[in-house]
2 protein chains.
Amino acid sequence: MPKDGAASPSHWKAFASRRRDPATKREAVLQTAAHLFLEKSYGRTSLNDVAERLNITKPALYHYFRNKEEILLECYRLGTGLIEEILNEIALHCGTGLEKVAAFIYSYANVMTVNFGRCVMRLDEGDLSSEAFAEVRTYKRKIDRRLRSFIQEGIEDGSITPCDPKIAAFSIAGAVNWICIWYEPEGELPAEEIASQFARTLTQGLARTTTNGGEREVSRQEPLP
Amino acid sequence: MPKDGAASPSHWKAFASRRRDPATKREAVLQTAAHLFLEKSYGRTSLNDVAERLNITKPALYHYFRNKEEILLECYRLGTGLIEEILNEIALHCGTGLEKVAAFIYSYANVMTVNFGRCVMRLDEGDLSSEAFAEVRTYKRKIDRRLRSFIQEGIEDGSITPCDPKIAAFSIAGAVNWICIWYEPEGELPAEEIASQFARTLTQGLARTTTNGGEREVSRQEPLP
DNA sequence: GTTTTTTCTTACCCACGGGTAAGATATCAG
DNA sequence: CTGATATCTTACCCGTGGGTAAGAAAAAAC
């Protein structure tokens, strides 16, 4: 799984020297920006805040980004890139629909513990311009479609109990997305443990019992009306 | 279930007359504020925006609230009040732990489709002062504890498969909380349908199969490592 | 060393929005 | 009707933060 450079990386080192190295400096800006966006939100993070952590001044940032929003958009792009990767990997490697869903939950949950991954679901899309907003929504829609197709596949191959894939996808995605809200990189729970527990808990909700000739049987109880 | 006054209620009528009726005017402010906070976020909603929708001017708002944050805090209070109500009701009425969890999901999901309810989980706690933040966190912790206790109860009475209640609660709460992100009051999906589908999907993940003498049996598959 | 280019700083502009002062206007009590 | 009170408006203050102008200082090119 992708990891950040360090626990609380001091990327100001990238700007210690004035040597021309735009690539690593640009990345340093993105890393600290993402960190601050997650810590204080985009709106409450000023460019002065970002610059301060890098031991430079605000206008210096404009050598690497056209404006504040471009920094935000780039965070989204890096995050969705991570997700896209795991999505493609799963579509190829795994077997049944249920296995794909489980693999999705596991990998996706892990991404939700990485800064750029967290940005994708935690940051407020409303801070984006309408064009950038549209772009991000395209990425997200793709993820949603992919998850729904995995579920649909599982229903068809019999590994998943028949259900409305749309609602089921919302349910799963919600559970996993919410990780980016409460997860703390310095906290007790290791990412891998969260990921595997979530994969188990959520898929068992979808898994069809194979006893009694394929007929699902759970302790009966309908919620209220 | 609690419902808002109308679909897109024009609460400016409350300020049409200058008759002294502070209570309903205060509520009108809260309703439109909550509406705007959910639409544009707290940070991007100016007091002028709120006032404009009520056909008054910004300073008039200060007759009903000390400052902007108090409006936000009041939204939180009303929302958590709704949740607290259903929580108490469930603790009394329902039977097994699993039934309580199911009832919780159903009722809680419904609250997440009501404006003040959505505010609780959708709005950014970081916009609150440290005291207000502490207050809100107390409410939220209470909800979390309650859910965990339902799960624990279910494990003890045998209605729920043994698991880590903490992780399970995060999973369930996440799925349901996320509703407040994607739910649109004017959308296709009716709230009750979402609620009941969620209750079913998520509890079946917890429900212990009663076949084979209490031994759980689902289609085997462990997610990655 | 000199020139050119990149990098970064100091100083500034300005729009926006929370909040206040002071006064006008309506409502109500008597 | 009159004075007191609640309600609301116009006009303003000012801190904050995104963004820019202009130039200094360091790196690289030669």
Side-chain angles (χ1 to χ4, degrees), chain A residues 11-30 32-33 36-37 39-75 123-124 126-132, chain B residues 11-30 32-33 36-37 39-75 123-124 126-132:
Chain A
H11 287 105
W12 64 271
K13 286 179 183 172
F15 286 86
S17 159
R18 225 172 163 180
R19 191 179 34 240
R20 296 175 190 175
D21 190 2
T24 59
K25 291 191 180 181
R26 203 182 133 100
E27 168 143 1
V29 173
L30 286 173
T32 60
L36 285 167
F37 292 167
E39 191 178 309
K40 305 202 302 174
S41 88
Y42 176 78
R44 280 185 299 274
T45 301
S46 76
L47 291 182
N48 276 322
D49 293 336
V50 178
E52 198 179 10
R53 285 226 181 168
L54 294 167
N55 262 19
I56 56 176
T57 56
K58 177 176 62 173
L61 295 173
Y62 284 82
H63 273 264
Y64 304 96
F65 299 92
R66 289 215 317 279
N67 50 39
K68 193 186 180 189
E69 194 209 333
E70 194 176 286
I71 299 179
L72 178 60
L73 180 55
E74 208 59 32
C75 289
L123 269 37
D124 188 354
D127 286 314
L128 293 165
S129 71
S130 52
E131 306 91 56
Chain B
H11 287 104
W12 64 272
K13 286 180 183 170
F15 285 86
S17 159
R18 227 172 160 178
R19 190 177 34 239
R20 296 176 189 175
D21 189 1
T24 59
K25 291 191 179 181
R26 204 182 132 100
E27 168 142 3
V29 174
L30 286 173
T32 60
L36 285 167
F37 292 166
E39 191 178 307
K40 305 203 302 174
S41 89
Y42 176 78
R44 281 185 299 275
T45 302
S46 74
L47 290 183
N48 276 323
D49 293 337
V50 178
E52 197 180 9
R53 285 226 181 168
L54 294 166
N55 263 20
I56 56 176
T57 56
K58 178 175 62 171
L61 296 172
Y62 285 82
H63 273 264
Y64 304 96
F65 298 92
R66 288 217 318 280
N67 50 39
K68 192 186 179 189
E69 193 208 335
E70 193 175 287
I71 300 179
L72 178 59
L73 180 55
E74 208 60 32
C75 288
L123 269 34
D124 188 354
D127 286 314
L128 294 165
S129 71
S130 51
E131 307 89 57

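Source: prediction; values computed, not measured. Lettering follows sequence order; numbering is per chain, from 1.
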Contact pattern, 5' to 3', of nucleotides 18-30 of chain D - B, S or - by protein heavy atom under 4.0 Å: BBB----BSBS--
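In this structure, CG of B/Asp21 is placed 15 Å from C1' of C/dA26, rounded to the nearest angstrom. For the pair A/Arg44 CZ and C/dG18 P, the interatomic distance rounds to 14 Å; values are reported in whole Å. In this structure, B/Lys25 atom NZ and D/dC8 atom C1' are separated by 9 Å, rounded to whole Å. Computed from coordinates, the B/Leu36 CG to C/dG17 P distance equals 13 Å when rounded to whole Å. The CG atom of B/Leu61 sits 11 Å away from the P atom of C/dG19 (whole-angstrom rounding). In this structure, A/Glu52 places its CD atom 13 Å from P of C/dT10, rounding to the nearest Å.
Take B/Arg19 and apply the side-chain hydrogen bond (donor to acceptor under 3.5 Å, both in side chains) test, not counting sequence neighbours, and it matches no residue.
Across the interface with DNA chain C, nearest-nucleotide mapping of A/Pro22 and B/Asp49 shows A/Pro22 to be the residue nearer the 5′ end.
Across all strands shown, A/Phe65 has no heavy atoms under 4.0 Å from either base or sugar-phosphate atoms.
Between A/Arg26 and A/Glu74, the closest side-chain pair of non-hydrogen atoms falls below 4.5 Å. Side-chain contact check for A/Cys75 versus A/Leu30: some heavy-atom pair is nearer than 4.5 Å.
One finds a salt bridge joining A/Glu39 and A/Arg53 here, because a Lys/Arg side-chain nitrogen approaches an Asp/Glu carboxylate oxygen to under 4.0 Å. Between A/Arg44 and A/Asp49 there is no salt bridge, since no side-chain N of the basic residue sits under 4.0 Å from a carboxylate O of the acidic one.
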Distance-only donor-acceptor hits, side chain of residues 54-67 of chain A, under 3.5 Å, sequence neighbours excluded:
| unit_1 | atom_1 | unit_2 | atom_2 | d |
| --- | --- | --- | --- | --- |
| A/Arg66 | NH1 | A/Glu70 | OE1 | 3.1 |
| A/Asn67 | OD1 | A/Glu69 | N | 3.3 |
| A/Asn67 | OD1 | A/Glu70 | N | 3.0 |

